[in-house]
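Given the structure is predicted, the values throughout are model-derived calculations rather than measurements. Basis for what follows: all heavy atoms, side chains included, without hydrogens, waters or symmetry-related copies.
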Amino acid sequence: MTDVVMPRLSDTMEEGTILRWLKQDGEHVARGEELVEIETDKASMTYASDREGTLQRVAQEGDTLAVGEPIARIGEGTPAAPIATPHQTTPNGTPDRPERVKASPLARRVANETGVDLAEVTGSGPGGRIVKADVEAQAGPAPTASEKTPAEPAPAPTVSDVAAAKGETSTVELSRTQRTIARRMAESKATIPDFTLTADVDMEACVALRAELKRLSHDEAPTYNDMIVKACALALREHPRANGSYRDGRFELHSRVNVGVAVAVDSGDPTSGALVVPTVFDADGKALGEIARETRTLAQRVRDGSITPPELGGGTFTVSNLGMYGIRQFTAIVNPPQAAILAVGAVEPRAVVVRKKKIAARQQMSVTLACDHRILYGADAALFLARVRELLEEPAALTL
């Protein structure tokens with residue numbers, strides 16, 4: 001039989017979690033047939049078999065394995081005998097070693113504190129994994145003051161007593177995507193010497209252009225964010241350092257301009273929200289309308305969960321826009337190994353000084369460029385940001 005190993009489904013993937021097997025033990029699997037659903041650091045996706053034969057599953061649903069570790073075997077004939085359960089014996093009559101109970105670290109700590117035997121707990125997590133709530137349900141409610149004997153001395157205040165002052169607290173275990181985002185952002189702030197530049201952009205011409213395109217187009221007109229993506233792509237082509245990366249004491253200048261567009265995923269469930277960055281590949285060579293259609297499609301695929309790892313990789317620059325939430329200005333965190341990220345605020349009317357020192361209301365937008373100082377220096381970043389502003393204030397070039 002041939003091993004099926006945990007595949008590398010993205011360029012940053014180090015491990016994956018088996019969410020759901022799509023084939024059963026002993027079932028025949030055809031080449032190209034969907035075999036298993038895997039959660040990676042970027043998305044959940046199905047993996048198809050690259051060989052034909054009879055399946056013997058090695059990993060169980062909920063198991064997390066490193067890339068390259070066996071998750072199943074496929075071969076001819078019937079599968080090998082199933083692994084003995086805690087109540088089974090091996091063929092020679094010797095009791096087999098019990099399987100390790102699948103439980104989160106927090107659930108194990110709570111079980112240890114409350115004296116709960118995890119073997120007696122039914123897990124409600126992925127693949128039957130035991131989570132904190134399962135242990136607490138098994139332990140039952142804590143004894144009340146009336147249940148204590150009169151001779152029992154009043155306990156001294158503890159950390160738990162202090163925490164109780166905050167009211168009832170629930171613990172949310174992060175998804176793999178959320179954990180990866182947290183780790184990468186912490187690495188970014190700890191390892192990248194960043195600096196920021198902020199500029200105000202007069203968006204009057206972009207507002208007029210969008211109104212005209214909306215009037216002429218039967219399809220939805222490009223958004224301001226689409227215009228920003230296009231402007232950044234053109235500026236990146238002219239300023240290759242902004243389109244590069246710093247790695248181990250050298251610059252890597254990329255030949256393709258691939259702009260990532262940050263998309264927030266918020267279903268109302270604290271365990272599922274995440275910030276996902278799909279990529280518009282070769283954005284500098286695409287028409288504004290093409291970028292608009294592609295960003296809409298990518299955002300929808302992110303929100304319905306059909307986005308694939310290849311669509312989330314390969315970005316050379318990122319645009320993060322919170323303007324739709326009424327945010328005027330913010331600073332984003334550089335997405336390593338990229339050199340910079342542009343944080344975009346709201347397009348809004350502001351009082352500005354125009355010709356002859358008169359004050360007028362004009363559509364303005366603030367943008368903040370966060371840069372990795374190891375590759376992008378102050379003057380370089382200022383020239384790049386000035387070019388982005390110039391393209392947005394005179395947006396005819398965006399339509400070419």
Chemist: Is it the case that one hydrophobic cluster holds both Ile38 and Val67, taking links as side-chain heavy atoms less than 4.5 Å apart, direct or via other members?
Modeler: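 Yes, same cluster.
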
Chemist: Would Thr46 and Glu34 count as having a side-chain donor-acceptor pair, cut-off 3.5 Å?
Modeler: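 Short answer, yes.
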
Chemist: Nearest 0.5 Å, what's the CG-CZ distance between Leu236 and Arg241?
Modeler: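 One gets 13.5 Å once the value is rounded to the nearest 0.5 Å.
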
Chemist: Gln338 and Asp372: which non-hydrogen atoms are nearest, and at how many Å?
Modeler: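 The answer is O-CB, 4.4 Å.
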
Chemist: Using every non-hydrogen atom in the two residues, find where Thr279 and Leu298 come nearest and quote the distance to one decimal.
Modeler: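 Closest heavy-atom pair between Thr279 and Leu298: O-CD1, 3.5 Å.
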
Chemist: Donor-acceptor check, side chain of Trp21 to backbone of Glu37, threshold 3.5 angstrom: yes or no?
Modeler: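 It does not hold such a pair.
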
Chemist: Judged by modelled atom types alone, do Thr368 and Thr196 share a side-chain donor-acceptor pair under 3.5 Å?
Modeler: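 No, no side-chain donor-acceptor contact under 3.5 Å.
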
Chemist: If hydrophobic clusters are built from ILVMFWY residues whose side chains come within less than 4.5 Å, do Val276 and Val344 share one?
Modeler: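 Val276 and Val344: one cluster.
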
Chemist: Do Leu253 and Asn243 touch side chain to side chain, with heavy atoms closer than 4.5 Å?
Modeler: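 Result no, sub-4.5 Å side-chain heavy-atom pair not found.
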
Chemist: Could you see if Leu369 belongs to whatever hydrophobic cluster contains Tyr246? Use Ile, Leu, Val, Met, Phe, Trp, Tyr and a side-chain cutoff under 4.5 Å.
Modeler: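 Different hydrophobic clusters.
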
Chemist: Could you report the tightest heavy-atom contact between Phe281 and Pro310, atom names first, then the distance?
Modeler: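 Nearest pair, atom of Phe281 first, then Pro310: CZ-O, 3.5 Å.
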
Chemist: What are the two closest non-hydrogen atoms of Cys232 and Phe317, and how far apart are they?
Modeler: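 Taking every non-hydrogen atom into account, SG-CE2, 3.9 Å.
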
Chemist: Working to the nearest 0.5 angstrom, can you tell me the gap between Ile228 CD1 and Ser320 OG?
Modeler: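 With rounding to 0.5 Å, CD1 (Ile228) is 11.0 Å from OG (Ser320).
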
Chemist: Look only at the side chain of Arg31 and the backbone of Asp50, and say whether a donor-acceptor pair between them is shorter than 3.5 Å.
Modeler: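 Yes, because the side chain of Arg31 sits within donor-acceptor range (under 3.5 Å) of the backbone of Asp50.
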
Chemist: Could you check if a side-chain atom of Asn335 sits within less than 4.5 angstrom of a side-chain atom of Ser188, using non-hydrogen atoms only?
Modeler: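 No, every pair of side-chain atoms sits at 4.5 Å or beyond.
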
Chemist: With a 4.5 Å heavy-atom cut-off, do Val263 and Arg303 have their side chains touching?
Modeler: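 Yes, side chains in contact.
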
Chemist: In Å, rounded to the nearest 0.5 Å, how long is the span from CG of Leu383 to CD of Glu390?
Modeler: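 The CG atom of Leu383 sits 11.0 Å away from the CD atom of Glu390.
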
Chemist: Please check if Leu197 and Leu322 belong to a single hydrophobic cluster, counting links between Ile, Leu, Val, Met, Phe, Trp and Tyr side chain heavy atoms closer than 4.5 Å.
Modeler: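 Per the 4.5 Å side-chain linkage, Leu197 and Leu322 are not co-clustered.
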
Chemist: How far apart are the C-alpha atoms of Arg20 and Glu61, what are their side-chain angles, what is the distance that settles it, and do they pass the side-chain contact (heavy atoms from CB on, under 4.5 Å) test?
Modeler: CA-CA 6 Å; Arg20 182 166 59 101; Glu61 292 180 351; 3.9 Å; yes

Chemist: Flag the pair Val367 / Thr198 as yes when at least one side-chain heavy-atom distance between them is below 4.5 Å, and no otherwise.
Modeler: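 In short, these two side chains do not touch, never coming nearer than 4.5 Å.
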
Chemist: Taking C-beta and beyond as the side chain, do Val207 and Tyr224 meet within less than 4.5 Å on heavy atoms?
Modeler: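 In short, these two side chains touch, coming nearer than 4.5 Å.
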
Chemist: Relative to the ring of Phe384, is the ring of His239 parallel (under 30°), tilted (30 to 60°) or perpendicular (over 60°)?
Modeler: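 His239 and Phe384: perpendicular rings.
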
Chemist: Tell me whether Glu187 is salt-bridged to Arg184, with the criterion being a basic N under 4.0 Å from an acidic carboxylate O.
Modeler: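 No, Glu187 and Arg184 are not salt-bridged.
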
Chemist: Taking the side chain as everything from C-beta on, heavy atoms only, tell me whether Met227 gets closer than 4.5 Å to Arg210.
Modeler: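 Result yes, sub-4.5 Å side-chain heavy-atom pair found.
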
Chemist: Take Arg293 and Glu290, measure what salt bridge (charged side-chain N to carboxylate O under 4.0 Å, His left out) needs, and give me the verdict at the end.
Modeler: CA-CA 5 Å; Arg293 290 187 292 272; Glu290 188 177 0; 5.7 Å; no

Chemist: Salt bridge or not between Glu348 and Arg350? Use side-chain N to carboxylate O under 4.0 Å.
Modeler: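 Yes.
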
Chemist: Assess the side chains of Ser306 and Asp304: does a donor N or O sit below 3.5 Å from an acceptor N or O?
Modeler: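 Yes.
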
Chemist: When you check the gap from the basic side-chain N to the acidic O, do Asp284 and Arg256 get nearer than 4.0 Å?
Modeler: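 Arg256 and Asp284: not salt-bridged.
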
Chemist: CG/Asp134 to CG/Leu118 distance, rounded to the nearest 0.5 angstrom?
Modeler: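 Output value for this atom pair is 10.0 Å.
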
Chemist: Grouping I, L, V, M, F, W and Y whenever their side-chain heavy atoms are under 4.5 Å apart, do Leu342 and Val277 come out in a common cluster?
Modeler: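 Different clusters: Leu342 never reaches Val277 through Ile, Leu, Val, Met, Phe, Trp or Tyr contacts under 4.5 Å.
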
Chemist: Working to the nearest 0.5 angstrom, can you tell me the gap between Leu65 CG and Ile18 CD1?
Modeler: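 Spacing of CG (Leu65) from CD1 (Ile18) equals 6.0 Å.
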
Chemist: Aromatic ring centroids of Phe330 and Tyr325 under 6.0 Å?
Modeler: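 No, ring centres 6.0 Å or more apart.
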
Chemist: Per the side chain to side chain contact (heavy atoms under 4.5 Å, CB included) rule, which among Val261, Leu288, Leu398, Val280 passes with Asp226?
Modeler: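 When side chain to side chain contact (heavy atoms under 4.5 Å, CB included) is applied between Asp226 and each of Val261, Leu288, Leu398, Val280, only Leu288 qualifies.
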
Chemist: Show the numbers, then the answer: is there a side-chain contact (heavy atoms from CB on, under 4.5 Å) between Leu55 and Arg73?
Modeler: CA-CA 6 Å; Leu55 175 67; Arg73 298 184 181 92; over 6 Å; no

Chemist: Does atom CD1 of Ile359 have more than 12 heavy-atom neighbours, drawn from other residues, nucleotides or ligands, at distances under 6.0 Å?
Modeler: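 12 or below, so no.
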
Chemist: When rounded to the nearest 0.5 angstrom, what distance separates CD1 in Ile375 from CG in Asp380?
Modeler: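 That separation rounds to 9.5 Å.
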
Chemist: Are Glu69 and Glu15 close enough that some pair of their side-chain heavy atoms sits under 4.5 Å apart?
Modeler: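 No. Closest side-chain heavy atoms not under 4.5 Å.
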
Chemist: If you look at every heavy atom in Ala235 and Arg387, which pair is closest and at what distance?
Modeler: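 In terms of heavy atoms, the two residues are closest at CB-CG, 3.9 Å.
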
Chemist: Which heavy atom of His254 sits nearest to which heavy atom of Ser245, and what is that distance?
Modeler: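 Reported closest heavy-atom pair: NE2-OG, 2.9 Å.
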
Chemist: Identify which one of Asn258, Val257, Val259 satisfies the side chain to side chain contact (heavy atoms under 4.5 Å, CB included) criterion when paired with Asp282.
Modeler: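 The single option meeting the side chain to side chain contact (heavy atoms under 4.5 Å, CB included) with Asp282 is Asn258.
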
Chemist: Going through the checks in order, is the side-chain contact (heavy atoms from CB on, under 4.5 Å) test met by Val36 and Arg57?
Modeler: CA-CA 10 Å; Val36 61; Arg57 301 191 315 203; over 6 Å; no

Chemist: Would Lys286 and Glu294 count as a salt bridge (charged side-chain N to carboxylate O under 4.0 Å, His left out) if you check the C-alpha gap in whole Å, the side-chain angles of each, and the deciding distance to 0.1 Å?
Modeler: CA-CA 10 Å; Lys286 292 180 176 177; Glu294 189 169 337; 2.6 Å; yes

Chemist: Do Asn225 and Thr295 make a side-chain contact, defined as non-hydrogen atoms from C-beta onward lying under 4.5 Å apart?
Modeler: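 No - every pair of side-chain heavy atoms lies 4.5 Å or more apart.
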
Chemist: Does one side chain, of Thr297 or Gln300, offer a donor that lies under 3.5 Å from an acceptor on the other?
Modeler: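 No, Gln300 and Thr297 have no side-chain donor paired with an acceptor closer than 3.5 Å.
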
Chemist: Could you walk me through whether Asp202 and Arg389 pass salt bridge (charged side-chain N to carboxylate O under 4.0 Å, His left out), step by step?
Modeler: CA-CA 8 Å; Asp202 190 309; Arg389 178 173 58 189; over 6 Å; no

Chemist: For the side chain of Gln138 and the backbone of Val121, is there at least one donor-acceptor N/O pair under 3.5 Å apart?
Modeler: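 A pair under 3.5 Å: no.
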
Chemist: Can you check whether Val5's main-chain N or O pairs, donor with acceptor, with Asp3's side chain at less than 3.5 Å?
Modeler: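 No; zero donor-acceptor contacts below 3.5 Å.
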
Chemist: Regarding Thr54 and Glu27, is there a side-chain donor-to-acceptor distance under 3.5 Å anywhere?
Modeler: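 No donor-acceptor contact under 3.5 Å links the two side chains.
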
Chemist: Got more than 12 heavy atoms from elsewhere within 6.0 Å of CD, Glu394?
Modeler: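 Atom CD in Glu394 is not packed in, count stays at 12 or less.
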
Chemist: Salt bridge check: are Arg250 and Glu252 linked by an N-O gap of less than 4.0 Å?
Modeler: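 Salt bridge flag = yes for Glu252 with Arg250.
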
Chemist: Is there a side-chain contact (heavy atoms from CB on, under 4.5 Å) between Lys189 and Ile333? Walk through the geometry before answering.
Modeler: CA-CA 7 Å; Lys189 294 302 291 183; Ile333 299 176; 4.0 Å; yes

